[in-house]
Amino acid sequence: MIERPPSRARSLPILEIAPPPATERRSGTEPDDARLGEFRPEPRALPRFYVWTLGCQMNRSDSEEMAGRLLTAGATESPTMDEADLVVINTCAIRELAEQKVIGRQGHLQRLKDANASMRVVLTGCAVRERDRDGLERRYPAVDLFLRPDEEPELLDRLGLASAQAPVGVVGATTVVGRTVVGVADHLATTRAAAVDAGTVQRTSSVSAWLPIIYGCDKTCTYCIVPFSRGPERSRPFDDIVAEARSIAASGFREVTLLGQNVNSYGHDLEPDPRFGHIRTERWAGRRLDLGSKPDLAELIRAIDGIRTSDGVPAIPRLRFITSHPWDLSDRLIDAMAECPSLCESLHLPVQSGDDEVLRRMGRQYTTEHYLERLERIRAAVPDITVSTDIIVGFCGETEAQFEKTLAFLELVRYDQVFAAAYSERPGTPATHLADDVPAADKRRRLNALLAVQEPIGLERNQRWLGREVEVLVETIARDRSHEHDESGTDGEGSVPRGVQPGPGQVALSGRTRGNKLVHLAGDATWVGSLVNVTIGHAGPYALRGTPVG
Ligand code: 5AD
Ligand code: SF4
């Protein structure tokens, strides 16, 4: 039996948590011959980690940052959860179902921990809210450490890994008093900038990059957990974002998506700066805001679009932003969308309901009339723009007639894509004071009715592209699943769709148009990451199919 130096074989200490009993690590078999000892690989000093990400793009971006920190500290990534010593779960709490997924894995995680005493589980993301610690421990018994989303920069510190290996730049500044965490991190922007400067953000794609520009949410939607889990809006400094965009461009990314829970309210909380003296707008919808001399999303888009190659074309050919609130869809933003060549002709603008009374109860603070006016303006300014939305069906008190108004709204607007969900009461949100009185069966029926209305609209919107030549950013090689007897149809992402027949030496590929339409095509595997011109020959309700030009 070979003694391992304790500093090397250490398990993960977690502050505030009793260290686990010292046990053998899972590390294969011992050599029979002691002389072979010197040829054994070095014992692993740092954990193999696995990040499980649920929910929205902001979570995916946060996970890239956490994975980067762990790798910089010397930890290695595990291909599966089962082989990891450290599992970081980045949760979503938007609907009960999202939380249930993680709760349902607690038994499995506990069994892994029983087999590997040095294993640790960290849970972060929107399911973690300060008020709720006891409830969290009950619901997630396999978890050792809970971190609110704004505490994620402290991951290494709290695991005792911060000084283990390489320097990791700025770490968090949260203070722990007894068992209570005080001093909510206002340092997300600083830690992001440090991670970007140090090149440690572990981007999962080499084609498309997430770029968070504003954290948190100041809106008043009564159903939504995000303002409670992610706190108030905090914009990153303008120059930091442009610097990150510049480094993304230099690394050859083809697409950048600016992220924020309310991306288009960017900048209102920043200090006025004479450089932005030409910005004199006030927000005129929702809560009044003085936006004078502060940068806004339009200014940011123009600055990023202005990063050009020596030929004068945008260094990042595709720029997107999500998610927008109708309050903040300013004329300045619409003008920037119309004038900046890199900005993609696509907008996600959640409406949530087509009935003004339901919108009022939801606290959305706009009317369908205001929403339609904004949409008309943007459609006039950006021809061919594709528009998608989010809808909640069965919100508290929603009558059949009010639901019918949502269906009529979809018929009127003719969205390219609709993401619909049944209302799910979230503890702690203002809507818990309203009765969740639409029966589950009615919610389900309304959801199906809505999808039945939207499907032909989606098909019609896609058919507008038939015969046209579009630019596709090729993202993935589709897997051949023909042997799996997949009956699910033609439009799924990731598997070879019916109708795409790769020739000799070709593969089935998928990508997106500037309008964010999914396109399947056959072509060369080396096209992944390239912009390819494609003639659209087939349109389904959820995807297009085409042939490369030339
Ligand atoms: N129940 C159902 N859907 C919700 N969403 C947000 N909160 C809830 C909830 N409590 C939806 C909204 C939002 C999207 C991200 O999730 O439509 O736009
Ligand atoms: Fe989920 Fe919303 Fe949080 Fe994103 S912001 S992780 S969708 S709850």
### Identified side chain to side chain contact (heavy atoms under 4.5 Å, CB included) counterpart of L211 within the set L259, T257, I248
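Passing option: I248.
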### Task
Run through L54, I225, T53 and flag the one making a side chain to side chain contact (heavy atoms under 4.5 Å, CB included) with C92.
L54
Looking only at heavy atoms, which two atoms of [X] and [Y] are closest? And how far apart?
X    : Y    : value
I89  : L109 : CD1-CD1, 3.8 Å
L155 : V122 : CD1-CG1, 3.9 Å
C224 : T429 : O-CG2, 3.4 Å
D269 : R234 : OD2-CA, 3.1 Å

### Query
So E471 and N533, side-chain hydrogen bond (donor to acceptor under 3.5 Å, both in side chains) or not? Walk me through it.
CA-CA 5 Å; E471 179 201 88; N533 282 352; over 6 Å; no
Could you tell me the separation between the [atom1] atom of [X] and the [atom2] atom of [Y], rounded to the nearest 0.5 Å?
X    : Y    : atom1 : atom2 : value
E255 : S342 : CD    : OG    : 11.0 Å
I316 : S208 : CD1   : OG    : 11.0 Å
E233 : L270 : CD    : CG    : 11.0 Å
R192 : D62  : CZ    : CG    : 8.0 Å

Assess the side chains of [X] and [Y]: does a donor N or O sit below 3.5 Å from an acceptor N or O?
X    : Y    : answer
H278 : E299 : yes
S118 : N116 : yes
T204 : E64  : yes

### Query
Does the ring of W327 carry R374 above it, NZ/CZ under 6.0 angstrom from centre and within 45° of its axis?
no
### Query
So, the side chain of R236 versus the backbone of P212: is there a donor-acceptor pair under 3.5 Å, distance only?
yes
### Task
Examine distances only and state if a side-chain atom of Y215 and a backbone atom of P149 form a donor-acceptor pair shorter than 3.5 Å.
no
### Query
Name the one of T323, N516, D390 that satisfies side chain to side chain donor-acceptor pair (under 3.5 Å) with H348?
D390
#### Entry: Intermediate values then yes/no, salt bridge (charged side-chain N to carboxylate O under 4.0 Å, His left out), R148 and E154
CA-CA 10 Å; R148 288 191 316 261; E154 293 155 38; over 6 Å; no
### Task
Output, in order, the C-alpha distance, side-chain angles, deciding distance and verdict of side-chain hydrogen bond (donor to acceptor under 3.5 Å, both in side chains) for T80 and E83.
CA-CA 6 Å; T80 65; E83 293 163 82; 2.6 Å; yes
### Message
For the aromatic rings, using the six-membered ring if either is Trp, is the centroid distance between F321 and Y266 under 6.0 Å?
### Response
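Not under 6.0 Å, so no.
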#### Entry: Worked check of salt bridge (charged side-chain N to carboxylate O under 4.0 Å, His left out) between R308 and D305
CA-CA 7 Å; R308 300 292 170 109; D305 181 76; 2.8 Å; yes
#### Entry: Verdict with reasoning, Q417 to Y542, per side-chain hydrogen bond (donor to acceptor under 3.5 Å, both in side chains)
CA-CA 8 Å; Q417 208 174 358; Y542 304 106; over 6 Å; no
